[in-house]
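One-based numbering, in listed order, for ligands and for the atoms of each.
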Amino acid sequence: MLTIWGRRNSNNVQKVLWLCEEIGLDYEHEDAGGEFGRTHDPDMLARNPNAVVPTIEDDGFILWESNVILRYLASKYGPEEIYPAALTTRADVERWMDWQQTTLLPPMTTIFWGRVRMPDKVPSSEIKEAITKAEPIWGILDDRLNDQRWIVDDTFTLAEVSLGIMAWRWFALVEKKERKEQQNLENWFERLRARPAFEKHGISIPLT
Ligand SMILES: N[C@@H](CCC(=O)N[C@@H](CS)C(=O)NCC(=O)O)C(=O)O
């Protein structure tokens, strides 16, 4: 049996829940993190010494790091196209997933904390700077989507799951007048919005 720990409003937890829904995988869910606490309890620290979510346990195997969890679950349970086995295609998917964590996440975190979590504590100049930083990064994905519907091989993959959750925050928290039009990105996001699994575990969850 698969168990997933993590509050539903966490972007990293949402990725995992979205993937499970997308591939029809059953799981037990336990709230943890944020207002639910628990991450510093001894049993949780034994599973994840970082005291963060998500964490999963699958038939006794414990794993943390959201994007690695996505790759593990997709490899074990998913249809191949969501995480293609061909080496170069797989590397392409992984490249975009790592890019989400390493390049896109830092400015997006500033925007999220500044506009949602601690609006009184993050100066608007810092938020502005983060938007200016994030925009050309999103532009790289906008270019990539110039003549294709999905990021890799024109197929819905883990790259969409990892980046879609971030895109939701970008479009919800940054007004149109604050950013350049990136039509390919917007069209791609509209395609994601139409997916029931993203609706359920992404856009219907208030940003808190
Ligand atoms: N790199 C980790 C980051 C995990 C992380 O920072 N999770 C946040 C939620 S998005 C967290 O647990 N924050 C503390 C809390 O919710 O109590 C991953 O991708 O899983």
Salt bridge or not for E178 and R115, using N-O below 4.0 Å? yes

Can you tell me how far apart CG (L19) and OH (Y83) are? Round to the nearest 0.5 Å. 12.0 Å

Considering only protein heavy atoms, which is closest to atom 17 (O) of ligand 1, and at what distance to one decimal place? G34 N, 2.8 Å

So, is R7 polar-close to ligand 1, with some N/O to N/O distance under 3.5 Å? yes

Per-atom filter on ligand 1: closer than 4.0 angstrom to a heavy atom of S10 are 9 (C), 10 (S)

Salt-bridge contact D59-K76 (side-chain N to carboxylate O under 4.0 Å): yes

Check whether any N or O atom of P54, backbone or side chain, sits under 3.5 Å from an N or O atom of ligand 1, and answer yes or no. no

Those atoms of ligand 1 less than 4.0 Å from some heavy atom in G33: 15 (C), 16 (O), 17 (O)

Atom 1 (N) of ligand 1 [closest protein heavy-atom partner, distance rounded to 0.1 Å]: E65 OE1, 2.9 Å

Numbered in order shown, the ligand 1 atoms found under 4.0 Å of a heavy atom of N11 are 10 (S)

Would you say N67 has any N or O atom under 3.5 Å from an N or O of ligand 1, going by distance alone? no

Which residue from N48, V52, T39, V68 reaches closest to atom 11 (C) of ligand 1 through any of its heavy atoms? V52

Per ring-ring contact (aromatic ring centres under 6.0 Å, His included), F171 is matched among W188, W138, F189 by F189

Nearest protein heavy-atom contact for atom 3 (C) of ligand 1: which residue, which atom, what distance? N12 ND2, 3.7 Å

Please check whether V53 reaches ligand 1 - meaning an N/O of the residue sits under 3.5 Å from an N/O of the ligand, judged on distance alone. yes

Any carboxylate oxygen within less than 4.0 angstrom of a Lys/Arg side-chain nitrogen, looking at R38 and E30? yes

NZ/NE/NH1/NH2 to OD/OE distance under 4.0 Å, R179 and E135: no

Could you tell me if any non-hydrogen atom of Q101 lies under 4.0 Å from any atom of ligand 1? yes

One should read off an interatomic distance between M97 CE and L158 CG, to the nearest 0.5 angstrom, of 4.5 Å

Under a 4.0 Å N-O cut-off, is there an ion pair linking R193 with E199? no

Using distance alone, determine whether S66 and ligand 1 share an N or O pair under 3.5 Å. yes

Where is the tightest heavy-atom contact between R7 and V53, given as atom of each residue plus distance? N-CG2, 4.3 Å

